[in-house]
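FYI, the numbering just counts along the sequence from 1.
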Amino acid sequence: MHRSVPSPGLPMAVNSAAHRRERRMEQLIDRVPAKLQSTLRWLRRPSSRLVRIAAGLLLICGGFLSILPVFGLWMFPLGFVVLAEDVPPIRRGARLPARLDRAAAARTGWETRAGDC
């Protein structure tokens, strides 16, 4: 499969996978409370890569402490989503829930919203 890589200084193709992914991320960020939106956009900047990796690893480690009141199993998937931004093998695995959701929707006849998957 041929992937087009945008040239420096030129805008991404409107239908490229990177553009669609970026649009979905912005839609998700727009759904969180306004106070968190600027923090999430800061975390997504390329200069915040080390912070993202550290945060992802800490969230995964916190998931192991799920028996304590503040920590929980919710930290595992969030940690993997944060790491997926910078680690391509995890990014491929992070697509699995969306594929499963689309497959379940097709089997049951339920429709997903266009921006969800």
Criterion side chain to side chain contact (heavy atoms under 4.5 Å, CB included) on Leu59 and Phe76, from CA distance to verdict: CA-CA 6 Å; Leu59 284 165; Phe76 279 120; over 6 Å; no
Step-by-step side chain to side chain contact (heavy atoms under 4.5 Å, CB included) determination, Ile53 to Val82: CA-CA 7 Å; Ile53 291 172; Val82 171; over 6 Å; no
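When atom types are taken as modelled, the side chain of Ser16 and the backbone of His19 share a donor-acceptor pair closer than 3.5 angstrom.
The hydrophobic clustering, which links ILVMFWY residues whose side-chain heavy atoms are closer than 4.5 Å, places Ile60 and Leu58 apart. Clustering ILVMFWY residues whenever any of their side-chain heavy atoms sit less than 4.5 angstrom apart, transitively, puts Phe64 in the very cluster that holds Leu73. Under a hydrophobic clustering in which Ile, Leu, Val, Met, Phe, Trp and Tyr are joined whenever their side-chain heavy atoms come within less than 4.5 Å, directly or via other members, Met25 and Leu43 fall into different clusters.
Hydrophobic cluster of Ile29: the remaining members, joined at side-chain heavy-atom separations below 4.5 Å, are Val32, Leu36, Leu40, listed by chain and number.
Counting non-hydrogen atoms of neighbouring residues, nucleotides and ligands closer than 6.0 angstrom, the CG atom of Leu68 exceeds 12 such neighbours.
Under the ring-ring contact (aromatic ring centres under 6.0 Å, His included) criterion, Phe71 pairs with no residue at all, not counting sequence neighbours. Taking Arg49 as the reference, Asp86 meet the salt bridge (Lys or Arg N to Asp or Glu O under 4.0 Å) condition, with sequence neighbours excluded. Arg21 pairs by the salt bridge (Lys or Arg N to Asp or Glu O under 4.0 Å) definition with Glu85, not counting sequence neighbours.
Taken to the nearest 0.5 Å, the CD atom of Glu22 stands 11.0 Å off from the CD atom of Gln27.
Legend: side-chain hydrogen bond (donor to acceptor under 3.5 Å, both in side chains) pairs involving residues 32-41, not counting sequence neighbours, sorted by first then second residue: Glu26-Arg41, Asp30-Arg41. Judged as a side-chain hydrogen bond (donor to acceptor under 3.5 Å, both in side chains), not a single pair has a partner in residues 54-81 (not counting sequence neighbours).
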